[in-house]
Number of protein chains: 2
Amino acid sequence: MATRRGASTIALTAGSTIAGFACVGGKLEGEGPLRSGFCQIFPDARAGQERWEQAEIEMHKSALRLALRDAGRAARDVDLFFGGDLLNQCMATSFSLRDMDMPLAGLYGACSTFALALGMAALAIDGGGARRTMAAASSHFCSAEKQFRFPLEFGGQIPPSAQRTATAAGAVLLDAAPAAARRPIRVSAVTVGRVRDLGVTDANNMGAAMAPAACDTLCRFWADTGTEPADFDWILTGDLGQVGSRLLRELLQAELGPEKTAAFADAHRDGGLLLYDLDRQEVAAGGSGTGCSAAVLCAKVLPEMEAGRLRRVLFVGTGALLSVVSPLQGESIPGVAHAVELQAES
Amino acid sequence: MATRRGASTIALTAGSTIAGFACVGGKLEGEGPLRSGFCQIFPDARAGQERWEQAEIEMHKSALRLALRDAGRAARDVDLFFGGDLLNQCMATSFSLRDMDMPLAGLYGACSTFALALGMAALAIDGGGARRTMAAASSHFCSAEKQFRFPLEFGGQIPPSAQRTATAAGAVLLDAAPAAARRPIRVSAVTVGRVRDLGVTDANNMGAAMAPAACDTLCRFWADTGTEPADFDWILTGDLGQVGSRLLRELLQAELGPEKTAAFADAHRDGGLLLYDLDRQEVAAGGSGTGCSAAVLCAKVLPEMEAGRLRRVLFVGTGALLSVVSPLQGESIPGVAHAVELQAES
């Protein structure tokens with residue numbers, strides 16, 4: 001049974017544990033610092049398909065299959081699937097589920113989707129409505145460029161504040177009962193984010209558009225749960241990149257003061273900065289995309305938690321809720337951030 | 001606390017009741033059979049805005065404000081908001097929530113979104129994670145035509161199997177505690193749908209693409225709960241229209257046999273056929289769009305339940321999960337349907 005904590009956080013008391021997880025990535029992701037954490041690397045960005053959208057669907061399905069295999073489960077064992085992606089009408093998710101027979105609760109939260117999916121998947125188990133749930137998300141550099149910016153052939157230039165959409169997919173299977181052979185990792189609390197828009201209109205600076213939402217959700221989480229930054233081994237923001245990460249620390253400084261902000265800086269990691277080597281790989285201000293935080297969680301954070309090297313992690317997925325037309329219409333970019341607390345048993 | 005019933009239905013035991021609801025519509029919707037059920041009609045399809053997307057956002061926000069007012073609540077009283085729309089990246093929902101300070105769990109299920117939102121909103125309360133939740137959805141004929149088909153100025157022709165995207169938005173506020181002055185309507189069970197794709201490739205025949213998913217979800221709901229069509233006053237499909245409704249009955253005939261199918265036909269209503277007068281209004285095979293079932297539920301079903309004329313309603317939202325590019329890529333159209341059981345106290 002879930003219980004409310006403070007104004008806007010949900011504490012999960014019955015608990016759901018992570019029974020399996022997997023992530024897949026493209027060539028660039030497979031050459032980055034997390035290469036050994038990927039279950040499968042697709043050296044061909046088309047994944048053997050004719051179109052970018054179909055390539056993303058193939059990767060999305062691979063992540064689902066591998067996560068099911070990691071948990072020793074079949075699709076029919078999953079009571080509820082929560083997932084999404086960046087494609088118009090969440091095409092990668094819906095079309096993946098044609099071949100995977102799970103009840104589909106489709107989500108949209110831009111790059112925050114994986115955190116939202118993980119939170120909803122945990123909430124469904126905790127409320128008694130499901131025994132096993134799945135959370136997944138994907139993105140693909142080429143399908144995203146085609147949809148949001150220019151065809152690749154155009155060779156568009158990007159400013160240093162831009163982030164590279166990750167070609168990646170990740171999936172987690174949650175179970176009401178912990179698996180015997182794994183160190184239990186529980187989803188212990190969830191804070192669903194509010195939309196924050198401070199007027200950023202530059203679609204090549206989404207870190208700046210998302211940072212205020214991350215600040216809002218983090219501060220609400222800490223206030224609701226009576227915790228502070230120093231209580232966490234890692235505080236993982238989804239994909240703020242270099243610009244957004246710096247802005248988040250500035251915003252937190254005003255809210256928390258210097259001491260707690262220093263503790264935050266110690267614990268803070270950003271998925272967009274973990275996925276690539278910014279000195280060596282051409283990704284401007286870092287990675288982004290719905291698959292970015294999903295891959296970082298599955299390739300790095302969960303393995304470290306299972307190995308006992310991280311015990312308490314606050315994962316804050318961050319999303320820029322622009323549409324393909326909204327920047328062309330002069331609209332500013334709303335941001336949202338969802339927090340999920342993960343705890344590994346010692 | 002929610003409990004599982006059968007293979008895939010969630011029974012809600014603590015119960016959440018409907019504390020307020022509202023819907024708004026465009027000119028055509030306001031001239032249809034449900035005209036008296038709308039809280040606000042927008043005679044100007046632009047709703048005073050320059051662009052269709054902004055018009056849909058205005059209508060979406062109006063529905064939210066009116067539902068909050070109906071419940072005597074402010075946005076800050078809502079613990080979780082579940083909603084979505086048809087626009088790329090669910091723009092109407094995300095941009096509406098810029099001005100409405102509620103935690104946003106964005107959903108995508110095409111025209112099934114409102115049923116999914118209502119189910120998730122009820123589940124969140126039943127699981128103990130929220131006291132008050134909101135479910136909402138919108139669509140707009142002009143923003144949908146622009147995005148999925150042709151600019152209006154093109155004057156595209158449609159075949160008789162096509163359905164008209166409703167210009168409408170609906171919102172429901174759920175509360176853990178029943179309101180003193182209203183007849184309590186409870187959400188009593190939810191079945192999240194699986195993706196079904198029987199190979200329909202005609203984007204002008206979405207009723208046919210969605211009917212198999214409706215059949216699958218209905219049969220699972222009845223099997224899981226030990227009920228049958230005759231147990232319901234109304235069985236409301238979201239927006240199958242004329243073609244999809246006929247196909248659903250054919251599919252059910254094969255599953256249920258003639259007697260139960262006749263009982264189904266007695267109880268069956270379709271949102272796409274209730275919203276417009278097909279003899280008098282030019283809407284081809286009926287209405288559709290994410291706002292269609294939201295408006296029909298709020299303009300017709302919930303008022304009838306509050307008045308005591310309908311006691312037990314099975315609402316099955318139906319969605320065609322095509323994307324703006326998938327039909328052009330030769331893909332068939334996956335369908336999904338989510339069931340929500342509503343019961344009014346006598």
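Within every chain, numbering begins at 1; the chains are lettered A, B, ... in the order of the sequence lines, protein sequences first and strands thereafter. Both backbone and side-chain heavy atoms feed into the values below; hydrogens, waters and symmetry mates do not. Everything numeric here is computed off the predicted structure, so don't read it as measured data.
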Less than 4.5 Å to any heavy atom of chain B: does that hold for the side chain of [X], its backbone, both, or neither?
X	result
Leu12(A)	neither
Arg51(A)	side chain
Arg5(A)	neither
Val325(A)	side chain

Check: Between the side chains of Glu50(B) and Gln329(A), does any donor sit under 3.5 Å from an acceptor?
Finding: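 There is no such pair between these side chains.
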What part of [X] gets within 4.5 angstrom of chain A, counting heavy atoms only: side chain, backbone, both, or neither?
X	answer
Phe81(B)	neither
Arg196(B)	side chain
Ser332(B)	both
Leu322(B)	backbone
Asp126(B)	backbone

If you round to the nearest 0.5 Å, how far is CZ of Arg4(B) from CG of Leu80(A)?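 Reported value, rounded in 0.5 Å steps: 6.5 Å.
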> So how far is it from Phe148(B) CZ to Asn88(A) CG, rounded to the nearest 0.5 Å?
Replying inline: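 These two atoms lie 8.0 Å from each other.
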Using heavy atoms and a sub-4.5 Å threshold, report which of residues 98-106 of chain A line up against chain B, by residue number.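 Contacts with chain B: Arg98(A), Asp101(A), Met102(A), Pro103(A), Leu104(A), Ala105(A), Gly106(A).
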Under a 4.5 Å heavy-atom criterion, the part of residues 128-138 of chain A in contact with chain B comprises Gly128(A), Gly129(A), Ala130(A), Arg131(A)
* **Val336(A) and Leu97(B): CA distance, side-chain angles, deciding distance, side-chain contact (heavy atoms from CB on, under 4.5 Å) verdict** => CA-CA 10 Å; Val336(A) 75; Leu97(B) 272 274; over 6 Å; no
Donor-acceptor pair, side chain of Gln89(B) and main chain of Leu321(A), under 3.5 angstrom
no
Quiz prompt | Option that, when pairs with chain B are counted at under 4.5 Å, heavy atom only, ranks first among His338(A), Glu331(A), Gln147(A), Arg76(A) | solution =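 Most heavy-atom pairs under 4.5 Å with chain B: Glu331(A).
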